[in-house]
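Scroll down for the structure; my scribbles are underneath it.
Predicted, not measured: the structure shown is a model, and the values here were computed from it. A note on names: the letters A, B, ... follow the listed sequences, proteins ahead of strands, and every chain is numbered from 1.
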Protein chains: 2
Amino acid sequence: MHWITVLRTASFRTQHLPVQFSILRLFSSHLPNQATENSEKQLSHQQNAGTSKGNLILKVPKGTRDFSPKQMAIREKILSTIISCFKRHGAVTIDTPVFELKELLQENYGEEAKLIYDLEDQGGEMLSLRYDLTVPFARFLAMNKIKRCKRYHIAKVYRRDSPSIKRGRFREFIQCDFDIAGQYDPMIPDAECLKVIHEILTAMQVGDFLIKINDRRILQGIFTICGIPEIKFERICSTLDKLDKISWEEVKNEMILEDGISPECVNRISEYVQLHGGQCLIEKLLKDPKLAQNRLAMEGLEDMKLLFEYLTLFGIVDQVSLHLSLARGLAYYTGVIYEAVLLCQKHGHLNESLSVSSVAGGGRYDELVAKFGSKRHKVPCVGLSIGVERIFSIIEQNNEMAKEKIRTTETQVLVATPQKNFLTIRMKLISELWNSGIKAEMLYKKNPRLLEQLQYCEETGIPLAIIIGEQELNDGVVKLRDVVTRKEVNVPQEHFIEEIKRRLEKHNT
Amino acid sequence: MHWITVLRTASFRTQHLPVQFSILRLFSSHLPNQATENSEKQLSHQQNAGTSKGNLILKVPKGTRDFSPKQMAIREKILSTIISCFKRHGAVTIDTPVFELKELLQENYGEEAKLIYDLEDQGGEMLSLRYDLTVPFARFLAMNKIKRCKRYHIAKVYRRDSPSIKRGRFREFIQCDFDIAGQYDPMIPDAECLKVIHEILTAMQVGDFLIKINDRRILQGIFTICGIPEIKFERICSTLDKLDKISWEEVKNEMILEDGISPECVNRISEYVQLHGGQCLIEKLLKDPKLAQNRLAMEGLEDMKLLFEYLTLFGIVDQVSLHLSLARGLAYYTGVIYEAVLLCQKHGHLNESLSVSSVAGGGRYDELVAKFGSKRHKVPCVGLSIGVERIFSIIEQNNEMAKEKIRTTETQVLVATPQKNFLTIRMKLISELWNSGIKAEMLYKKNPRLLEQLQYCEETGIPLAIIIGEQELNDGVVKLRDVVTRKEVNVPQEHFIEEIKRRLEKHNT
């Protein structure tokens with residue numbers, strides 16, 4: 001089910017709400033989920049202001065969030081779009097514990113390891129919260145001696161980074177990873193990973209995007225022919241990786257002043273890493289006399305050429321561009337690397353803090369599994385991660401601007417009454433509905449007023465109400481009310497389930 | 001979608017597998033997900049045997065597990081049944097961080113607080129992993145000043161308990177909670193909670209079950225009239241709670257020897273707590289002259305009477321029984337409490353370690369939110385938790401005994417070729433399938449053998465294959481093969497998507 005389809009249905013259901021909508025709060029004393037809606041605004045401020053009770057401060061830990069029902073409804077639609085894409089590509093799913101043995105994690109993140117959350121030593125093993133899903137996946141493959149696996153994994157990871165709500169950076173956040181492990185013919189799985197990114201970003205409708213692509217081998221070849229010692233490779237990659245945040249001039253200065261590269265070297269690099277383009281650029285680089293001398297660079301370029309052929313077959317080559325400046329932060333990449341960026345915001349609204357950020361990334365890491373297992377157990381891998389928190393921020397913002405009403409429940413029918421002493425009959429009816437698989441609610445009140453019940457439908461987007469009073473009881477019918485059109489019709493009690501099912505089916509098509 | 005329906009579909013798809021099934025491993029070199037299946041057995045032993053690489057021991061932390069694709073497929077079906085029940089009852093969902101401020105958790109679990117996982121002090125706040133989902137829910141309500149909320153929350157919780165695989169007790173496990181917060185007319189939400197438990201356990205098809213029910217107020221009344229001081233109430237509840245594990249004689253001894261209750265008192269209690277039954281028992285107790293003097297007990301019994309009336313309306317009263325010995329461990333319950341137990345295993349196979357265990361539980365806790373918030377912010381709550389890990393163990397065991405084959409992917413079509421040099425055409429075709437929303441795979445090999453491709457379908461349960469070779473290419477068709485019946489038919493290339501969609505639709509109905 002596509003994200004956008006779902007949203008449209010939801011908005012269709014609620015767009016005809018009556019004008020008296022705003023006075024509904026007056027009648028809300030027995031409405032199960034209403035107060036939750038009221039608190040949406042408060043929730044967004046929870047980071048800053050904790051309420052206190054005596055000495056007890058009520059807040060969530062720094063850099064983390066609660067998600068309100070409305071936010072969860074948006075998140076679930078995003079995740080369900082992502083999952084259905086992963087399943088469309090034949091992936092299985094696995095799960096691993098939220099913590100791992102500390103020593104298993106510590107070695108794999110270089111500088112960033114200081115951001116890992118450790119658990120207290122309460123006797124027993126030393127544990128840390130997982131930092132990403134890639135290292136646990138590699139551990140899983142090595143431990144179980146698995147040689148081939150196409151899996152997705154959607155789970156929370158933890159980083160003691162300085163949080164920034166504006167940049168969508170949190171200490172607890174969801175990662176959505178899709179990886180293909182196994183020895184296969186070159187660039188076929190790599191091309192599929194890019195296709196998966198393309199499909200997901202297209203389905204999200206968050207605007208135009210570009211997938212920047214490069215290869216660690218090409219980068220290393222360029223550095224070598226520009227005279228940079230191999231030992232500085234990772235360091236220079238990290239510096240280059242800052243190009244998203246700072247200008248090329250600043251990066252150049254940092255290379256000279258902090259990384260100790262000569263200005264001549266930097267100028268030579270500069271000529272290369274500012275290049276970007278498609279298949280023509282690859283052909284040009286393949287003919288570059290200096291690069292031709294570097295075996296690694298040529299390997300990378302040949303693979304890149306093949307990859308672009310596959311991307312053409314997949315029909316996505318127009319959104320992919322070779323960017324020689326793309327370096328990616330993590331140390332474990334060994335081949336193709338990629339990063340998707342949004343070109344501008346939907347509705348022509350360009351939000352600077354969000355528009356520059358990457359919304360997906362990944363690459364090939366052929367050595368990580370062997371690092372955990374025996375050297376004979378070499379399992380080349382390629383994978384991707386969808387930046388779901390950033391996508392969530394953008395879609396939440398778009399919804400707010402469009403004043404999109406989002407349903408937080410899926411309730412299809414409210415069982416209502418205009419009269420006193422109909423609780424037992426309502427309970428019998430609702431039980432029949434539940435037993436027939438129909439999503440139904442009633443107010444938890446012996447004698448609710450009809451107005452209050454109907455307004456609860458309008459407020460929460462319930463499309464149908466069945467109403468039963470003395471007249472209906474005597475006639476052996478229930479009144480079926482379409483909440484949007486307000487049309488009512490009597491249905492014999494013995495057929496009301498069928499009739500409701502018929503209407504809901506019609507409603508869904 | 002019901003759990004059992006899904007399973008039947010899966011088994012239908014694979015029951016006609018050919019005899020040469022067992023030799024398939026020979027051809028598995030380019031099969032994306034196959035090795036994962038091979039490793040199912042290894043996974044079940046991962047708790048004990050870690051593999052080591054140099055000094056690095058490859059294992060998961062004590063009391064935790066990885067879940068293999070097959071296990072995840074079972075778990076997802078269980079969770080999807082539970083979620084659809086929660087949604088059928090109109091619940092929203094929320095999420096909270098995996099850790100909370102340490103001081104917020106520490107106070108709420110009495111004795112058990114020593115089992116809480118703490119995070120290391122790395123500067124900043126002192127944090128602990130959540131112990132259940134109830135306390136975070138109460139914190140959420142108090143912090144956001146929410147007065148009414150019907151929510152479900154499915155997430156992992158953490159307890160440094162001594163793990164026992166046999167008893168399905170782990171240090172990291174999923175809780176599935178459904179709670180109704182708010183001031184409503186008596187026993188209506190409570191009855192719905194029991195209906196939810198009943199619906200879920202019925203849908204799971206794990207055999208007959210009984211929901212034991214009691215009320216903390218009735219228990220306290222009984223203790224009072226038997227001469228037990230109020231201060232010992234919680235302690236005696238804990239001792240009573242052991243009745244599932246030890247005999248009544250042993251419980252009596254513990255009350256006398258460890259809790260310091262006189263043998264006369266214990267005998268008086270004994271008369272009451274061994275009682276169990278339905279509405280007749282409630283009527284009998286309401287007329288009990290000694291209980292009649294205790295206001296709290298009478299309140300509890302009147303509510304119990306009302307609750308049984310509601311359960312009759314919901315048609316579930318036969319599976320519910322008042323058990324005066326039911327006490328529940330947790331301290332925060334204030335009214336109705338309940339626990340569902342399986343009466344025996346499916347297939348007449350009685351597994352002792354599992355048959356006695358509770359598979360759902362819950363109750364009313366009217367004071368917990370006020371403990372976090374201001375006293376004026378009183379939010380009565382009632383809720384339930386489904387013991388999904390135990391249900392998972394039972395269903396996994398049942399599947400193994402029934403030798404049920406479970407699909408770990410949902411792939412509908414494999415794009416295959418009998419000839420060399422058809423990679424580009426396969427890629428074009430698969431891209432069309434993906435773009436049409438069809439779940440499709442191909443082998444990541446330039447020139448795979450046809451046998452290998454067809455056997456991959458049979459092994460992983462893919463129902464359809466499209467086959468393209470020179471003949472088909474020249475004729476402008478693709479061959480469509482039904483994997484189970486092996487029937488093949490040529491379809492014009494411009495219609496193959498429609499034809500596949502038509503077949504898949506037929507397959508699903």
Approximate separation, where rounding is to 0.5 Å, of H89(B) NE2 and T411(A) OG1: 10.5 Å
Part of L423(B) lying under 4.5 Å from any heavy atom of chain A: side chain
Which atoms of L141(A) approach chain B - backbone, side chain, both or neither, heavy atom under 4.5 Å: neither
Gap separating the CD atom of E76(A) from the CD1 atom of I83(B), nearest 0.5 angstrom: 7.0 Å
Under 4.5 Å from any heavy atom of chain B - which part of L127(A): side chain
Gap separating the NZ atom of K439(B) from the OG atom of S84(A), nearest 0.5 angstrom: 8.0 Å
Side chains of R139(B) and V60(A) in contact at under 4.5 Å (non-hydrogen atoms): yes
Heavy-atom pair count under 4.5 Å with chain A, highest-scoring of T424(B), D121(B), T312(B), T202(B): T424(B)
Close side-chain approach of I188(A) and K445(B), heavy atoms under 4.5 Å: no
P97(B) vs D66(A) side-chain heavy atoms within contact, under 4.5 Å: yes
Note, R148(B) side chain near Y444(A) side chain (heavy atom, < 4.5 Å): no
Contacting region of E192(A) [heavy-atom separation from chain B under 4.5 Å]: side chain
Engaged part of I316(B) at the chain A interface, taking heavy atoms whose separation is under 4.5 Å: neither
Partner chain B: residue of P189(A), G124(A), G182(A) with the largest heavy-atom pair count (under 4.5 Å): P189(A)
Chain B contact via Q122(A) - which portion, at a heavy-atom distance below 4.5 Å: both
Approximate separation, where rounding is to 0.5 Å, of L443(A) CG and Y184(B) OH: 9.0 Å
Which atoms of I116(A) approach chain B - backbone, side chain, both or neither, heavy atom under 4.5 Å: backbone
Residue pairs, two or more places apart or on separate chains, that pass side-chain hydrogen bond (donor to acceptor under 3.5 Å, both in side chains) and touch residues 427-437 of chain B: K195(A)-N435(B)
Which atoms of F173(A) approach chain B - backbone, side chain, both or neither, heavy atom under 4.5 Å: neither
Interatomic distance, E410(B) atom CD to F86(A) atom CZ [nearest 0.5 angstrom]: 14.0 Å
Nearest-0.5 Å distance, CD1 of residue I57(A) to CG of residue L101(B): 8.0 Å
L129(B) versus chain A, the contacting section by heavy-atom distance below 4.5 Å: side chain
Contact class of V413(B) relative to chain A, heavy atoms under 4.5 angstrom: neither
Contacting region of E309(A) [heavy-atom separation from chain B under 4.5 Å]: neither
Segment of K156(B) engaging chain A (4.5 angstrom heavy-atom cut-off): side chain
Top contributor to chain B contacts, counting heavy-atom pairs under 4.5 Å, from F99(A), Y158(A), Y310(A): F99(A)
M72(A) vs D95(B) side-chain heavy atoms within contact, under 4.5 Å: yes
Listed partners of R75(B) passing side chain to side chain donor-acceptor pair (under 3.5 Å), at least two apart: E389(B)
